[in-house]
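Here the structure is laid out as structure tokens; the discussion comes afterwards.
Given the structure is predicted, the values throughout are model-derived calculations rather than measurements. The first residue of the sequence shown is numbered 1, and numbering continues consecutively from there.
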Amino acid sequence: MTMMAMPEAPCLCARPSLAARARRPGSGPAPRLRRWRPNATAGKGVGEVCAAVVEAATKVEDEGEEDEPVAEDRYALGGACRVLAGMPAPLGATALAGGVNFAVYSGGATAAALCLFTPEDLKADRVTEEVPLDPLMNRTGNVWHVFIEGELHNMLYGYRFDGTFAPHCGHYLDVSNVVVDPYAKAVISRGEYGVPARGNNCWPQMAGMIPLPYSTFDWEGDLPLRYPQKDLVIYEMHLRGFTKHDSSNVEHPGTFIGAVSKLDYLKELGVNCIELMPCHEFNELEYSTSSSKMNFWGYSTINFFSPMTRYTSGGIKNCGRDAINEFKTFVREAHKRGIEVILDVVFNHTAEGNENGPILSFRGVDNTTYYMLAPKGEFYNYSGCGNTFNCNHPVVRQFIVDCLRYWVTEMHVDGFRFDLASIMTRGSSLWDPVNVYGAPIEGDMITTGTPLVTPPLIDMISNDPILGGVKLIAEAWDAGGLYQVGQFPHWNVWSEWNGKYRDIVRQFIKGTDGFAGGFAECLCGSPHLYQAGGRKPWHSINFVCAHDGFTLADLVTYNKKYNLPNGENNRDGENHNLSWNCGEEGEFARLSVKRLRKRQMRNFFVCLMVSQGVPMFYMGDEYGHTKGGNNNIYCHDSYVNYFRWDKKEQYSELHRFCCLMTKFRKECEGLGLEDFPTAKRLQWHGHQPGKPDWSENSRFVAFSMKDERQGEIYVAFNTSHLPAVVELPERAGRRWEPVVDTGKPAPYDFLTDDLPDRALTIHQFSHFLYSNLYPMLSYSSVILVLRPDV
């Protein structure tokens, strides 16, 4: 994620004080409330604990039993619901037989109250009912809890906490705020994307969904696909951007259900894994100063359990349950088409920003627990977005693991890509080795934010029994300068976005001297990064372009960034893009320059598909989507960020090429190996077979690979400004046949069996092939396969 400048004036609207309706006691006698005793449920499972707590909370005292602390009978919602002690686990709102248990962690609160809303009252900024929590009856350790017995259908909830409000000490407990439960499974606020609430309020009151004791969703027998990671072809997708453009012609553009209607397109493209950009609840208007500038990407989470309600056709209807079901539908339908779903998760910061940001959830629940803080309450900013999630604090790391488990077990996702994952390896605030390791570490001088060799959070995730087999992908750097590509703590289960692959491939393909050897390493799966640590090629997620930075088309069109529309005077975004405009800046260029750009885009895609490791490309690169040279287009909900279905048809030649390349990769056993290739099956070549040129000024790399399905393939990249005639390896009784040549115009850039004049095209090069030669244009790549010489 690209670091973005903090907005000068977030869209914060004054929120009126929330008025609580008077509580109305019920009538008639009722059993006395009995305090929950921890030993009553020791050793029981969650379901057993739930049943035991409800039974204990309503049990009438035996006359001969010694008196225990009791509370007055309490009721809520006009006597319709009874207020009982509740249980401290699991955290969040849990639907049980007869009611709902609420539990929330807050270590610093001296008082707490459960706030209940009807959807109408929430919209009016008014609490329907407030249930004070008794510190004796409704608190166990640092967990506040209550059981509401009765019908809470179509109700929402939040919490008030009282305690110390001293920002200079890191405390933000303010009884005037109703905050969202970090464990809420859906967050309800505004219903329509990009539209403020009444009074032009960008931050209206939010509340969590109260779950039902049953599910209304039919998974239709859905099971995890569990593809070996080496077989993945990953497509990074922005959910809203995928179908929002009018040319998508879907019924519900910009939604999960809209994307479902386009999943067959991804299957045709050869994609078997979608990496969804953030789909957790966030506020697209968080720093909006006009209707055209908003948080489009979504890297600013409000709640990590909740799907983004404004990405759904149902929005906040049915208290957010329709949104949950729509996300599940997307996953189920993707699985039906053989496509896994990976979520991009942002456990490095939240939407609450720095000390000037809003109090929404974590900050108002327990700021000192959830964020990295300096001694005087300042927020560490390793994320570049105002705050840093305190990932290795015991409470926070358990929260993160609980969240991941939820998305795997309840939402059926197949894995996670962790944004700025290096933050998850940093020491937490108030780092205590005795607390973490059980004993002091001699000479331990770890301070807040120090990178840890064995981070407790990464250890927990890596060894969690429920998360076993789930794809775990780290963006192994952060905005604080920590760069861990090839060195991220991995337990042999973590893969990495290989930023070094991106940089080396960009340099070599555009013809920069000194990168031939590094390029060859990239083709082999980057063993220089992963082999020594015991990892495999598939631990490298290979990419040339992603959501941040230039698109593939812009990479070959612009030497400079053009980010003025972002409103930051072109200061935002990466300055060193390793791009090349192929001779002229911008889209309007000579025909020869445009032809070269087409070759270069194909060269990059060939490289991705023939490299060991896992290829990933960004939505729209398969047809050459441009963002006009803007390399940090995080803040625009417009056509520049939308997949252009009309352009896909207009530039169908590149799209065809990409489809065929992904198919070719799957047809070649040797292009997705379990381990790094050795000399037994891979041979390097230069302009002559067996004589690779690794010199500083080499711009030619070629290799041949034995393949169980194709027999043998030959791949060559000529990134010189000069053409070349290469000598092919001689194989007795066999001949080389061209399949891919990016130097040729479409459709001859990829020779398929059904191409009408395929035989004639090959025959035109027969005088070269009979002599074991092949001509290559400058800045071109070729693939040939070995066929019987008949």
Sidechain-backbone polar pair: His539 side chain, Ser495 backbone, donor-acceptor under 3.5 Å: no
Flag, side chain of Asp464 to backbone of Leu467, donor-acceptor distance under 3.5 Å: yes
Any donor-acceptor N/O pair, Ser526 side chain to Cys522 backbone, under 3.5 Å: no
NZ or CZ of Arg644 within 45° of Tyr623 ring axis and under 6.0 Å: no
Ring geometry between Trp494 and Phe418 (parallel below 30°, tilted from 30 to 60°, perpendicular above 60°): tilted
Within 6.0 angstrom of Tyr639 OH, more than 12 heavy atoms from elsewhere: no
His280/Ser306 under side-chain hydrogen bond (donor to acceptor under 3.5 Å, both in side chains): CA gap, chis, key distance, verdict: CA-CA 5 Å; His280 292 144; Ser306 308; over 6 Å; no
Pair Asp231 + Lys666, salt bridge at N-O below 4.0 Å: no
Phe657 six-ring centre to Arg602 NZ/CZ under 6.0 Å and within 45° of normal: yes
Aromatic ring proximity Phe296/Tyr634, centre distance under 6.0 Å: no
Minimum heavy-atom distance Tyr227-Glu340, with the two atoms named: N-OE2, 3.0 Å
Side-chain H-bond candidate by donor/acceptor type, Asp621 with Thr551, under 3.5 Å: no
Salt-bridge present (Arg535, Glu496; N to O < 4.0 Å): yes
Phe399 ring center near Phe305 ring center (under 6.0 Å): yes
Sidechain-backbone polar pair: Ser698 side chain, Trp694 backbone, donor-acceptor under 3.5 Å: no
Tyr299/Phe282 aromatic ring centres below 6.0 Å: no
